[in-house]
Amino acid sequence: MPNRDIFANISPLDHRYARNEAQFTELEKYLSENATIKYQAQVELALVKVLAKRGIAPAKSVAEVEAAIASLTTAEVYAEESKTRHNIRALVNCIQAKVSPATRPYIHFTATSYDIVDTANSLRYQKATQNLILPYLKKLQQSWAQISLREKDQIQIGRTHGQHAVPVTFGFTMAEYVSRLGERIETISVQAEKLIGKFAGAVGAYNASSIFFEDPEEFEAEVLAELGLKPGEHSTQIIAAEPLTDFLHSLVSTFSVLAAFADDMRQLQRSEIAEIGEYFAAEQVGSSTMPHKRNPINYENVKSLWKAFMPRMITVYLDQLSEHQRDLTNSASSRFIPELITALISAAARLTKVSSRMVVDRENLAKNFAQNKQMIVAEPLYILLAAHGHPDAHEAVRKLTLKAQKTDLSLEELVEETTELRDYWQQFSQKQQQLILKPEKYTGIAAQKTEKIVKRWQQKFNYDLKLEG
Ligand SMILES: O=C(O)C[C@H](Nc1ncnc2c1ncn2[C@@H]1O[C@H](COP(=O)(O)O)[C@@H](O)[C@H]1O)C(=O)O
């Protein structure tokens with residue numbers, strides 16, 4: 001909308017979080033109130049098309065309704081709603097006012113409001129998925145896959161319980177998120193396809209449509225087919241809530257993957273760890289009072305947005321309950337779904353940007369790894385001792401690590417000076433000894449697994465990756 005003062009909006013999504021990407025203007029096509037009305041009007045048009053096809057409505061009615069909805073504005077519908085106090089009746093009145101008397105009776109013919117509302121919502125959420133949600137998420141996955149591949153051999157200490165465990169590679173750390181996001185992308189795609197429509201009337205029993213049609217279910221299927229949708233097995237005045245619940249769950253759990261990633265990266269950016277960093281522009285300010293600060297603001301933003309929108313899932317579950325053939329208590333609550341979608345897209349776009357400029361600090365990765373380098377070999381040492389017949393290998397190595405912590409000696413040096421263990425050590429193959437002497441080799445198949453995961457998703461989603469990273 002030209003000259004719109006976006007700062008007059010109330011939602012921070014409008015003026016702050018879904019504003020800077022050129023593509024964000026696309027969100028309006030599916031998620032704005034204008035889109036709501038446009039999609040509802042499309043459903044009314046689909047109905048007239050089928051009525052005309054069946055010879056019930058005059059042939060000219062299709063062109064008339066097409067022209068009517070092309071000129072329809074949200075403002076008109078809202079002005080009418082201020083009289084009717086019923087939003088769908090307002091929409092119907094506005095369309096009827098723009099068509100000939102011969103066409104008028106066929107607008108909303110046999111329909112109830114939620115034949116229109118639910119069907120329109122399923123349709124626009126499907127389109128938003130295909131045209132926005134999936135492309136944004138795939139772009140994010142691509143940026144993670146690129147880092148993953150580049151860093152597949154970069155040693156990193158693995159951490160469990162916040163403590164140094166055994167080594168991985170940074171690429172492997174990133175591959176976790178490539179994989180988790182990829183799986184969620186596929187789930188979203190499946191759930192979006194399962195969104196359904198309805199044309200079953202005020203209580204779902206086709207009461208009105210069965211007056212005119214021998215085959216009201218066939219009639220419903222035809223109207224929905226005009227829109228590329230299918231009906232559910234049973235509806236009341238509203239469609240069964242579960243397909244939408246599952247779809248929204250797929251979005252919210254994807255948001256959780258983004259938040260988990262953001263949180264992980266934020267921890268890796270801690271001053272004491274400092275293995276990665278957000279790119280900092282030359283003029284960017286970290287803190288208003290501490291000039292040296294380089295804060296992980298983008299990762300924090302994503303976690304913060306997730307905190308605001310993840311709990312919206314509770315509302316979705318509450319909307320699964322509707323009295324008898326329906327009550328209206330899911331109406332206002334479900335109007336906020338576009339915000340959830342917008343927030344997810346905003347978080348994905350932000351993470352794509354920061355990920356593509358992620359600073360990986362190899363020195364600190366190596367330094368942190370070296371801190372406990374000697375302890376890291378406790379696991380392979382005990383396993384190798386056990387494999388060579390030591391009766392109590394875990395306890396022997398545990399004691400050795402306590403000793404190592406008190407002295408400056410490495411585990412390997414301590415093995416050398418413990419007669420009983422030295423005998424076992426001599427039975428180790430050279431390759432096995434190397435594992436203990438060079439803990440950086442103790443990364444299992446982290447690098448191969450990283451490559452395998454990245455390549456699989458790259459092929460599936462068909463995006464480019466620079467192989468040399
Ligand atoms: O086809 C029908 O309309 C059947 C009718 N039920 C209704 N179905 C759909 N919408 C209805 C219904 N009733 C009200 N309204 C109108 O919904 C609007 C609710 O506004 P909001 O709470 O802001 O979401 C607000 O505009 C309401 O007027 C019934 O009696 O079963």
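The model shown is predicted, which means the values in this text are computed figures rather than measured ones. We count ligands from 1, going down the list as the structure has it; atoms in each ligand are counted the same way.
Heavy atoms of other residues, nucleotides or ligands lying less than 6.0 angstrom from CZ of Arg16 number 12 at most. Within 6.0 Å of the CD atom in Glu218, the count of heavy atoms belonging to other residues, nucleotides or ligands exceeds 12.
Counting only heavy atoms of the protein, atom 12 (C) of ligand 1 lies nearest to His86 NE2, 3.5 Å. The closest protein non-hydrogen atom to atom 24 (O) of ligand 1 is Ser331 OG, 2.4 Å. When only non-hydrogen protein atoms are considered, atom 18 (C) of ligand 1 lies nearest to Asn87 OD1, 3.4 Å. Considering only non-hydrogen protein atoms, atom 2 (C) of ligand 1 sits nearest to Ser113 OG, 3.2 Å. For atom 27 (C) of ligand 1, the nearest non-hydrogen atom of the protein is Arg85 O, 3.6 Å.
Near Ala332, with a cut-off below 4.0 Å to any heavy atom, the atoms of ligand 1 are 24 (O). Of all atoms in ligand 1, numbered sequentially from 1 with element shown, those under 4.0 Å from a heavy atom of Arg326 are 8 (N), 9 (C). Taking a cut-off of under 4.0 Å to the non-hydrogen atoms of Thr112, the atoms of ligand 1 that pass are 1 (O), 2 (C), 4 (C).
Within a 4.0 Å radius of atom 30 (O) of ligand 1, the protein has no heavy atom.
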Exercise. Test Glu300 against Lys303 for salt bridge (Lys or Arg N to Asp or Glu O under 4.0 Å), laying out the working first.
Key: CA-CA 5 Å; Glu300 288 172 332; Lys303 185 175 181 185; over 6 Å; no
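Residues Leu91 and Leu72 meet the side-chain proximity criterion, which asks for heavy atoms closer than 4.5 Å.
Note that Arg54 lies in the cation-pi zone of Phe213, set by a 6.0 Å cut-off to the ring centre and a 45° limit from the axis.
With atom 5 (C) of ligand 1 as the reference point, the heavy atom nearest to it among Arg335, Glu81, Gln237 is part of Gln237.
In this structure, Tyr125 and Phe247 have parallel ring planes: the angle between them is below the 30° cut-off, well short of the 60° mark. Classification of the Tyr30-Tyr39 ring pair by plane angle, with boundaries at 30° and 60°, yields tilted.
Of the residues listed (Asn121, Asp118, Thr129, Leu244), the one engaging Leu195 in a side-chain contact (heavy atoms from CB on, under 4.5 Å) is Leu244, and it is the only one.
Taking only nitrogen or oxygen atoms, main chain and side chain alike, Tyr114 does not reach within less than 3.5 Å of ligand 1.
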